[in-house]
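Let me begin by presenting the structure, written as structure tokens, before commenting on it.
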Amino acid sequence: MEEHVIFTDKLTKTFGPFTAVNQISFAVEAGEIFGFLGANGAGKTTALRMLSGLLKPTSGIAMVAGVDVMRHPEQVKRRIGYMSQKFSLYEDLTIRENIRFYGGIYGLSVQTIREKTKKLVDKLELGAHVDELVLRLPLGWRQKLALSVAMLHEPRIVFLDEPTSGVDPLTRRQFWDLIYEAAADGVTLMVTTHYMEEAEYCNRVSMMVDGKIEALDTPGQLKKTYHATSMDEVFRKLARG
Amino acid sequence: MQAIVVEQITKSYGPKGAVKALDGISFSVDKGELFGIIGPDGAGKTSLLRILATLILPDAGEAYLQDLHVVRDYKRLRSLLGYMPGRFSLYQDLSVQENLSFFAAVFGTRIEDNYELIKDIYVQLEPFKNRRAGALSGGMKQKLALCCALIHKPEVLLLDEPGTGVDPVSRKEFWDMLQRLKSWGITILVSTPNMDEAELCDRVALLHNGRILAMDTPAGIRDSYDRPLFAVRSADMYRLIQDLRHWPGAYSCYAFGEYAHLALHQSLQGFDKQADTVMAELQQYLESHHHTGIEVLRAAPGVEDCFIASTKDR
């Protein structure tokens, strides 16, 4: 049987009488860019928190990078990368210090961190700025750095929670170049976004409505199924019935 | 009549003004106009709106709302402007109803006096009127904030990124509300990082690094795009974009939804005659690079293409 990088079966989370995530079942392949869409309050964040080992599911199964999130959430955390627009790098640390900090968190050796720092800084052409505070970097650089740092420990899966919100269009596209590149290397990327045109860049897209996965397919097929000309239209049709 | 006049506004932050947020911005907005300040995070949008809302002082330059100066006449000005900050700033531990009553009282009015203005929006909030504001969903918080900014019937409305962090459906509803408010003659200045929202404004200014890159109607901005533009797709988008960037005629190539937008080096002038030849060449180039499912179309530039082109040139 082929192993899925992410696999869930009737994954559910309830808070008191409220069901935030209602029996969602899906699977994601290696190297896939998977769009995780839904309106505010549809249950995306709760689902992502369960998949990243931060929140214990109420019931159902979730396997992430071969690990059961219900039983071994700590192991899940070690095998995934996570980046969001809101929380990623420490602004009052330099680039070098951020890399060292996250390397330490992920348990990399001093030697490995040193090598990784050089490789990463060379790739992003940040050599001249490595000892500058992250606060001083343009937002676009920060985003790219944040993604690279989230992948420092070479995870098989990276969760990107609205990674490009508020970023200028040029930088946003350069950021997507990095996402494509990581996917080409076999990394699985699960992305939430409010930009529907970014949903088009995903291999497959799921739409959550009221805690359930209402639709899951390629962007092209979704548009056909819902007789829509854009993902924006698909979203509106699904989110408001 | 002009409702907003901004002349050479400059604002810097940090020691010795190291960070220049606004670098000599000038524009004006007509009465009743819906004017968009479009730009990414860090462009200077919030600084500009805070100066106009009389909350911070410019380093240099002048600004007037309804002929009142933002520094000298700030007290009089505050009663005729409505401001909705980018971060939710209502009282989280007061209910919907209490927040609204509070803001009405602060402005010396009552909810009933201007109820007509907020009615359309408030009916959607009414089922939750006893819920604490902190417990509302993102879209509902935004609607309440708009009601509170409108409760004293302002002549000018300043909205700082009302669409950020809000899903596409709630965002669309919000813009529909702004269109209705326009019919009351209210002048609206709205900032957003979403280029697609430019199309919903009467006129826009594209802001980047504290400067205005372009200012016009959305159509005017689009018409100023001066390169031939193609929408291209194939089965392998990642490789397609890489290959298109290496094509000799390419100026730039970026993903745009399901297509990649390819801009050419040459000027748009007289291009129509060569378009078919160029498209055939392009098709051939992609086939020679083993692309399948190739589609090449002439594309109409959007505001986002214009923004990318003008930031790339800098």
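For the numbers below, each heavy atom of this structure counts, side chains included, while hydrogens, waters and symmetry mates do not. In what follows, every chain begins at residue 1, and chains take the letters A, B, ... in the order their sequences are listed. The structure presented is a predicted model; accordingly, all values stated were derived computationally and were not measured.
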salt_bridge(A:R142, B:D41) N-O dist < 4.0 Å: no
Contacting region of A:A184 [heavy-atom separation from chain B under 4.5 Å]: side chain
Atom pair CD1/CG of B:I38 and A:D168 - distance to nearest 0.5 Å: 13.5 Å
Axial cation check for A:Y180 ring with B:R239, 6.0 Å and 45° limits: no
Side chain to side chain, A:R173 and B:F256, heavy atoms closer than 4.5 Å: yes
Side chain to side chain, B:Y238 and A:E181, heavy atoms closer than 4.5 Å: yes
Closest contact, heavy atoms only, B:P40 versus A:V167: CB-C, 3.9 Å
Within 6.0 angstrom of A:E125 CD, more than 12 heavy atoms from elsewhere: no
B:P168 and A:D232, any side-chain heavy atoms less than 4.5 Å apart: yes
Contacting region of A:R172 [heavy-atom separation from chain B under 4.5 Å]: side chain
Atom NZ of B:K172 with >12 non-hydrogen neighbours under 6.0 angstrom: no
Chain A contact via B:Y254 - side chain, backbone, both or neither, heavy atoms under 4.5 Å: both
B:E258 side chain near A:M231 side chain, heavy-atom distance below 4.5 Å: no
Over 12 foreign heavy atoms within 6.0 Å of CZ, A:R136: no
B:D216 atom CG, over 12 foreign heavy atoms within 6.0 Å: yes
Minimal non-hydrogen separation, A:H194 against B:R171, with atom names: O-NH2, 3.8 Å
Sub-4.5 Å side-chain heavy-atom contact between A:Y195 and B:D196: no
From OG1 (B:T311) to CG (A:L170), nearest 0.5 Å: 4.5 Å
Residue among A:S230, A:A39, A:A42 with most heavy-atom pairs under 4.5 Å to chain B: A:A39
Interface moiety of A:P219 toward chain B, non-hydrogen atoms closer than 4.5 Å: neither
salt_bridge(A:E200, B:R233) N-O dist < 4.0 Å: no
Value rounded to 0.5 Å, distance of CH2 in A:W176 from CD1 in B:I241: 10.5 Å
